[in-house]
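Note sheet for the following structure.
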Amino acid sequence: MSSSSAYWMMKVINEIANLPNIAFWTRNLERGKGFGINGFLNHYPDFIIQTKSGKTLVVETKGDHLDAEQKIKLGATWAQKAGNAYRYYMVYERRVVDGAHKLDDFLNILKDI
(Lines give C-alpha, C1' and ligand atoms only; values in the text may rest on other atoms or scores of the structure.)
Protein backbone atom coordinates (compact mmCIF):
# COMPACT_ATOMS: atom_id res chain seq x y z
CA MET A 1 0.00 0.00 0.00
CA SER A 2 1.37 3.39 -0.94
CA SER A 3 1.72 6.14 1.63
CA SER A 4 -0.90 8.21 -0.22
CA SER A 5 -3.37 5.28 -0.01
CA ALA A 6 -2.67 4.85 3.69
CA TYR A 7 -3.14 8.59 4.27
CA TRP A 8 -6.46 8.59 2.39
CA MET A 9 -7.76 5.57 4.35
CA MET A 10 -6.81 7.19 7.65
CA LYS A 11 -8.45 10.47 6.65
CA VAL A 12 -11.70 8.68 5.80
CA ILE A 13 -11.86 6.58 8.96
CA ASN A 14 -10.95 9.52 11.19
CA GLU A 15 -13.86 11.50 9.75
CA ILE A 16 -16.20 8.52 10.22
CA ALA A 17 -15.03 7.74 13.77
CA ASN A 18 -15.74 11.32 14.85
CA LEU A 19 -19.43 11.07 13.98
CA PRO A 20 -21.68 10.70 17.05
CA ASN A 21 -23.75 7.84 15.57
CA ILE A 22 -20.82 5.43 15.11
CA ALA A 23 -20.72 2.62 17.69
CA PHE A 24 -17.46 1.08 16.48
CA TRP A 25 -15.35 0.31 13.43
CA THR A 26 -12.61 -2.10 12.47
CA ARG A 27 -10.05 -2.30 9.71
CA ASN A 28 -10.84 -5.28 7.53
CA LEU A 29 -7.91 -7.57 6.90
CA GLU A 30 -6.87 -8.04 3.30
CA ARG A 31 -6.69 -11.01 0.97
CA GLY A 32 -8.44 -13.94 2.50
CA LYS A 33 -7.84 -13.09 6.14
CA GLY A 34 -10.83 -10.83 6.69
CA PHE A 35 -14.36 -10.31 5.43
CA GLY A 36 -14.62 -10.74 1.70
CA ILE A 37 -17.33 -10.24 -0.86
CA ASN A 38 -16.80 -13.00 -3.36
CA GLY A 39 -18.32 -13.05 -6.80
CA PHE A 40 -16.94 -12.34 -10.24
CA LEU A 41 -13.95 -10.97 -8.29
CA ASN A 42 -12.84 -11.20 -4.67
CA HIS A 43 -13.21 -7.92 -2.82
CA TYR A 44 -11.99 -7.15 0.70
CA PRO A 45 -13.40 -3.72 1.66
CA ASP A 46 -11.25 -1.51 3.88
CA PHE A 47 -13.56 -1.02 6.88
CA ILE A 48 -16.50 -2.56 8.69
CA ILE A 49 -18.50 -0.02 10.66
CA GLN A 50 -21.38 -0.46 13.10
CA THR A 51 -23.76 2.45 13.69
CA LYS A 52 -25.59 3.01 16.94
CA SER A 53 -28.84 2.29 15.06
CA GLY A 54 -27.58 -1.25 14.34
CA LYS A 55 -26.61 -0.88 10.69
CA THR A 56 -23.44 -2.57 9.47
CA LEU A 57 -21.57 -0.64 6.81
CA VAL A 58 -18.86 -2.05 4.61
CA VAL A 59 -16.70 0.76 3.24
CA GLU A 60 -14.03 0.76 0.53
CA THR A 61 -11.87 3.84 0.03
CA LYS A 62 -10.32 4.65 -3.34
CA GLY A 63 -7.89 7.28 -4.48
CA ASP A 64 -9.29 9.52 -7.21
CA HIS A 65 -6.86 8.05 -9.74
CA LEU A 66 -8.20 4.47 -9.35
CA ASP A 67 -11.06 2.75 -11.15
CA ALA A 68 -13.31 0.46 -9.15
CA GLU A 69 -16.52 0.00 -11.13
CA GLN A 70 -16.46 -3.80 -10.75
CA LYS A 71 -16.09 -3.54 -6.98
CA ILE A 72 -18.95 -1.02 -6.85
CA LYS A 73 -21.21 -3.44 -8.74
CA LEU A 74 -20.23 -6.36 -6.53
CA GLY A 75 -20.72 -4.33 -3.34
CA ALA A 76 -24.15 -3.13 -4.47
CA THR A 77 -25.22 -6.70 -5.25
CA TRP A 78 -23.98 -7.90 -1.86
CA ALA A 79 -25.80 -5.11 0.00
CA GLN A 80 -29.04 -5.80 -1.85
CA LYS A 81 -28.90 -9.51 -0.98
CA ALA A 82 -27.65 -9.00 2.61
CA GLY A 83 -30.74 -7.04 3.68
CA ASN A 84 -31.64 -3.66 5.12
CA ALA A 85 -29.25 -3.88 8.08
CA TYR A 86 -26.23 -3.94 5.75
CA ARG A 87 -24.85 -1.26 3.44
CA TYR A 88 -21.92 -1.00 1.05
CA TYR A 89 -20.15 2.24 0.15
CA MET A 90 -17.28 3.13 -2.14
CA VAL A 91 -15.73 6.48 -1.16
CA TYR A 92 -13.55 8.75 -3.30
CA GLU A 93 -12.13 12.09 -2.26
CA ARG A 94 -13.44 14.21 -5.15
CA ARG A 95 -14.00 11.90 -8.10
CA VAL A 96 -17.56 11.40 -9.31
CA VAL A 97 -18.23 7.75 -10.15
CA ASP A 98 -21.65 6.19 -10.64
CA GLY A 99 -22.51 4.16 -7.54
CA ALA A 100 -19.76 5.72 -5.40
CA HIS A 101 -19.66 8.77 -3.15
CA LYS A 102 -17.34 11.70 -2.59
CA LEU A 103 -16.18 11.87 1.02
CA ASP A 104 -18.24 14.93 1.99
CA ASP A 105 -21.41 13.45 0.48
CA PHE A 106 -20.78 10.11 2.19
CA LEU A 107 -20.34 11.76 5.60
CA ASN A 108 -23.69 13.52 5.15
CA ILE A 109 -25.36 10.21 4.28
CA LEU A 110 -23.70 8.48 7.20
CA LYS A 111 -25.01 11.03 9.72
CA ASP A 112 -28.55 9.78 9.06
CA ILE A 113 -27.87 6.04 9.32
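It should be emphasised that the depicted structure is a prediction, and the values quoted were computed from it without experimental measurement.
Neither Met90 nor Leu103 shares a network with the other; the hydrophobic side chains, linked directly or stepwise wherever heavy atoms of I, L, V, M, F, W or Y lie under 4.5 Å apart, form separate groups for each. Tyr86 and Ile49 fall into different hydrophobic clusters, defined by Ile, Leu, Val, Met, Phe, Trp and Tyr side-chain heavy atoms under 4.5 Å apart, directly or through other members. No continuous path of hydrophobic side-chain contacts links Val97 to Leu66 [ILVMFWY only; heavy atoms under 4.5 Å]. When hydrophobic clusters are built by joining Ile, Leu, Val, Met, Phe, Trp and Tyr residues whose side-chain heavy atoms come closer than 4.5 Å, directly or via intermediates, Phe47 is not grouped with Phe24. There is no path of hydrophobic side-chain contacts, each under 4.5 Å, that joins Met9 to Val58.
You'll find the side chain of Ile22 reaches within 4.5 Å of the side chain of Leu110, heavy atoms only. Residues Phe106 and Val59 have side chains in contact (heavy-atom distance under 4.5 Å, counting atoms from C-beta outward). Residues Tyr92 and Asp105 fail the side-chain proximity criterion, which asks for heavy atoms closer than 4.5 Å. Considering only heavy atoms from C-beta on, Val12 stays 4.5 Å or farther from Tyr7 through its side chain. Contact check for Trp25 versus Ile13: side-chain heavy atoms found under the 4.5 Å cut-off. By the 4.5 Å heavy-atom criterion applied to side chains, Ile48 and Phe35 are counted as neighbours.
Closest of all the heavy-atom pairs between Trp8 and Val91 is NE1-O, 3.8 Å.
Taking the six-membered ring where tryptophan is involved, the planes of Tyr88 and His43 are perpendicular, since the angle between them exceeds 60° and thus also 30°.
In this structure, Asn21 contributes its side chain and Asp112 its backbone to no donor-acceptor pair below 3.5 Å. Under a 3.5 Å cut-off, the side chain of Asp46 and the backbone N or O of Thr61 do form a donor-acceptor pair. For Asn18 (side chain) and Asn14 (main-chain N/O), a donor-acceptor pair under 3.5 Å exists by modelled atom type.
Note that CD1 of Ile109 and NE2 of His101 are 4.0 Å apart. Values are rounded to the nearest 0.5 Å.
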ask   = Passes side chain to side chain contact (heavy atoms under 4.5 Å, CB included), Tyr89 versus Ile72? Steps please.
value = CA-CA 8 Å; Tyr89 295 97; Ile72 294 168; over 6 Å; no

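Tested against Glu93 for a salt bridge (charged side-chain N to carboxylate O under 4.0 Å, His left out), the candidates Lys11, Lys62, Lys102 yield a single pass: Lys11.
Sorted by first and then second residue, the side-chain hydrogen bond (donor to acceptor under 3.5 Å, both in side chains) pairs with a member in residues 67-83 read Asp67-Arg95; sequence neighbours excluded.
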